[in-house]
Amino acid sequence: MNKYTPQDIEQSWYQKWEDSKYFAPSGTGESFSIAIPPPNVTGTLHMGHAFQHSLVDSLIRYKRMQGYNTLWQMGTDHAGISTQMVVTEQLAAEGIKPSDLGRGAFVEKVWDWKEESGDTISKQLRRLGASLHWETERFTMDEGLSKAVLEVFVRLYDEGLIYRGKRLVNWDPVLKTSISDLEVVSEEESGSLWHFRYPLADSPGEYLVVATTRPETMLGDTAVAVNPNDERYKHLVGKTALLPLVNRAIPIIADHYVDQEFGSGCVKITPGHDFNDYDIGRRHDLEIITILNEDASINENAPPKYRGMDRFEARTAVVADLDALGLLDKIEDHTLAVPRGERSGVVVEPFLSDQWFVDIKPLADPAIKAVEEGDIEFIPKNTENIYFAWMRNIEDWCISRQLWWGHRIPAWYDDEGNFYVGRSESEVREKHDLPEDVNLEQDADVLDTWFSSALWTFSTLGWPDKTPELETFHSTDIMITGHDIISLWVSRMIMMTLKFIGEVPFHKVYIHGLVTDADGQKMSKSKGNGLDPLDIVNGISIDDLVAKRTANLMQPRMAQKIEKATRKEYPDGIMAFGTDPLRFTFFAIASRTRTVRFDLKRVEGYRNFCNKLWNAANFVMTHVENQDEDLNSSEIQLTPVDEWITSEFQNVTTAVCFAMETYRFDLAAKAIYEFIWDEFCDWYLELSKPILNADTISDAQRRGTRQTLAKTMEATLRLAHPFLPFLTEELWQKLPESVRGSGETIMLQAYPATDETLINQVAQDDIAWLKKVVSGVRNIRGEMDISPAKEIPVMFANGTNEDRERLDRFSDLLIPLIRPEDLIWLEPGEEKPLAATALADEMEILVPMAGLIDKEAELARLDKEIERKQKDREKTEKKIGNPNFVEKAPEEVVQKERDKLKELDSALEKLNQQRMSVASI
RNA sequence: AGGAAUGUAGCUCAGUUGGUUAGAGCAUCGUCUCGACAAGGCGAGGGUCGUCGGUUCGAAUCCGACCAUUCCUACCA
């Protein structure tokens, strides 16, 4: 076998698995299903996706091998805003505006783009080894899912849970659509606080001072508010101010919302352009004036001078004009949270418009209850707080978007502005008895993408039809996603699924941490610190990486900085690590923390681990190839070494299964790593060599070890398969059929299960003893700088009968590991030579000093050991000396301490004696 | 402002229901080409478990306060 090169072995297996339809549900056994959090159909895979889907894939493979009827349902969503943006930008590059094309042609273009780029993400998922069921792949805009969306909309409307209304919404003036609260990101930015003087209408010369961060909105002011308890302004409540520039008389009102401490204590009220002001406006029945157009330019409700100006242009003009009138009191520096559209990056405006809403309370209440009562369990538990916090303060959901790409709202308007909701125009006509000569126009808006995603678990299974798939696989078992998705999607799925299916969409929600770079920084395009998972799999040159990170930047001036940082961090680019090492890294870092730092050093470490497994398999192969006679023989005798590794295999199997049942992917990975490297490779393979090679070993024992070697290797590959699918398949296929059976693929073999009868404490104790002896000698060699090649005399003294018996029994195994000149058992009373000493419990291991050992070095080594034991002894003695401890602690704990003290005393005595004799030279 | 989380070796993290000599990987130091593996073997060093209190016979683990860091929600116009 040649070197481990992941690229060579990973490419072909996936194709074979998929062609053989191994990912499809088996149709037998208890069902286990997971719905993929639908990636954007035109998007690309980022580290978060790769992390998430690796976790899911391990679970699915684990359950599939355990015999469950598994379904990992594939699908993508249409990502309304971002997809429309991408296509709009592409058209802009050709000098085409969407309005030039018209709605129908534009939507055609989007479908073209979907066809063109839609398989990127699928290819990427395949490269990661994701065992998704592709044959039933769904898309939120496909016919079936669109039917589900229609059905849900109409039913909710008929029940009065969807309504249309004029409300203040977050408005993106570039995309010219409403967006949800969750699509708005507010970050602190430095700005100014302008203080303006508003003259009082009835008292010439007197004025109020109001402060604002958005001067241009004053054009839409309809009141000034003060706190009712504010002594400074009490006398003004009920009076009128004269709005400068506009010359509108506006009332001075009292409202508890006003903070007396902030600014002047007077607040200008603009109900048309501020959410808080809107609420105040409703409380006080104020006029609502909209002064902006859809693109955030000033409209005809403002004085002629400002009409047509952009909002920021108007800001400057308003400030200048007020200053000229002597009404600018002062300007202060002020940091404020500026709301920007997540997609467009522009400042979002509160904007009054006609929108469709879901009356959310009736849906939210049962959804809250489902989690409270444990029908849905969040993992880790505390992430349910995010859910509860959102759900308990939930506001009606604005579901309409002023876009062309998406599910068009199924409402039709007649010429009088009456609207009718139904599954189609003809249904509407029939239902409302509208003859053909009544003109009907469908609502131009589309639905929020999350409206269709909310139906995901059941719409992908065929709803509204009653399909066998729905029957078998719903509710799904678990949803694995990030914490930012809880409000966006998880909550909406729970609400919609409870409403329409009457069951939960999933029983568990596993929330994974956010993948950051090695410094804990969120990966982002603008920071230029993002990694493409496939670049780690396939490798990338430094020039390509720099090009990728600096292309299409929103702030092109960052390019230089990004390039410098990138060249510093990856001077040679990224080497091709392969999928398995990348996946294993994801499992290893999937602990219960909020953020997981991703460090390529870890991938390198797990690549080394894969290499280790590869080489171990290589070794096993040389001992099982063409050995069918031995492998098939029933005349075998198992040595304690074989019984021990078999016993250890049961332990690791228990640990991995427990970890998977509790979604501790990190602990599963750790258990596998330690078993393979620290037990199987470091000890078992080494111990098997003398058995397989020595003449003194019986044929039956040799066969026993050969079979154990083969069986353990084969079972270990199955144990590791959900985590390292490609490597394990490759190695498993190489094993002879007499070892692995005649199955076609490892991914459909049975997952190992613990066999309690194979746990062998005696064998484990034997090997623990053997390890102690070997480690003792190795320690002396290492500390004394004795070459491993040099054969040294090794003596044993003061041992028990059991020690002596074990020494006899295991000397053949010990010899190759410790390379002694000879092994000598000293009888009690027999004189001990001056020697370096190690202890294996009671037994002393002696390496005579003559010509080998440096006196000072040995004294130092002994002192270190004595000091360590002395410290431990003091602690133990103190415990036992405490009458409260002896009285109150459980008997077994006290006894343990007593035994420990005895052992330490005996060890110390030996070490001190040894020290004296060495010192006396 | 409200809510939450985290603080363990130089770095990144494990540490189940309180009882281990507090562990691992990476990094560091020493050493070795011994027929699976230098992407390796063997050996070693490195920690007052953020600080101070409390509960307990016993605390990294439970409770409180404080300090530090991070995130989320709502924002003061």
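Reminder, nothing fancy here: chain letters follow the sequence lines and each chain counts from 1.
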Show me the side-chain donor-acceptor pairs of residues 259-272 of chain A shorter than 3.5 Å, one per line, residues at least two apart or across chains.
from, atom 1, to, atom 2, distance (Å)
A:Asp259, OD1, A:Glu261, N, 2.9
A:Ser264, OG, A:Val209, O, 2.3
A:Ser264, OG, A:Cys266, N, 3.3
A:Lys268, NZ, A:Thr217, OG1, 2.7
A:Lys268, NZ, A:Asp221, OD1, 3.0
A:Lys268, NZ, A:Thr270, OG1, 3.0
A:Thr270, OG1, A:Asp221, OD1, 2.7

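Listed by chain and number, the residues in a side-chain hydrogen bond (donor to acceptor under 3.5 Å, both in side chains) with A:Asn882 amount to none (sequence neighbours excluded). Scanning for ring-ring contact (aromatic ring centres under 6.0 Å, His included) contacts around A:Tyr387 gives A:Phe378, with sequence neighbours left out. Residues forming a side-chain hydrogen bond (donor to acceptor under 3.5 Å, both in side chains) with A:Glu730 (at least two apart in sequence, or on another chain): A:Trp13, A:Lys734. Listed by chain and number, the residues in a side-chain hydrogen bond (donor to acceptor under 3.5 Å, both in side chains) with A:Asp785 amount to none (sequence neighbours excluded). Qualifying side-chain hydrogen bond (donor to acceptor under 3.5 Å, both in side chains) partners for A:Thr585, counting only residues two or more places apart in sequence or in other chains: none.
Here side chain to side chain donor-acceptor pair (under 3.5 Å) pairs that include residues 667-678 of chain A, with residues two or more places apart or in two chains, number zero.
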(request) For each nucleotide in nucleotides 34-40 of chain B, reading 5' to 3', give B when a protein heavy atom comes within less than 4.0 Å of its base, S when such contact involves only the sugar-phosphate, and - otherwise. (result) --BB-BS

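Base pairing in RNA chain B gives the following stems of 3 or more Watson-Crick or G-U pairs, range against range and under 3.5 Å: B:1-7 with B:67-73, B:10-13 with B:23-26, B:28-32 with B:40-44, B:50-54 with B:62-66.
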Dump the pairs, protein N or O against N or O of nucleotides 12-16 of chain B, anything under 3.5 Å, distances to one decimal.
from, atom 1, to, atom 2, distance (Å)
B:rU12, OP1, A:Arg597, NH1, 3.2
B:rC13, O3', A:Ser591, OG, 3.4
B:rA14, OP1, A:Ser591, OG, 2.4
B:rG15, OP1, A:Arg664, NH1, 3.0
B:rG15, OP1, A:Arg664, NH2, 3.2

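Within residues 210-218 of chain A, the residues that have a heavy atom under 4.0 Å from RNA chain B are, in order of number, A:Ala211, A:Thr212, A:Thr213. Residues from residues 887-894 of chain A placing a heavy atom under 4.0 Å of any atom in RNA chain B, listed by number, are A:Lys888, A:Ala889, A:Pro890, A:Val893.
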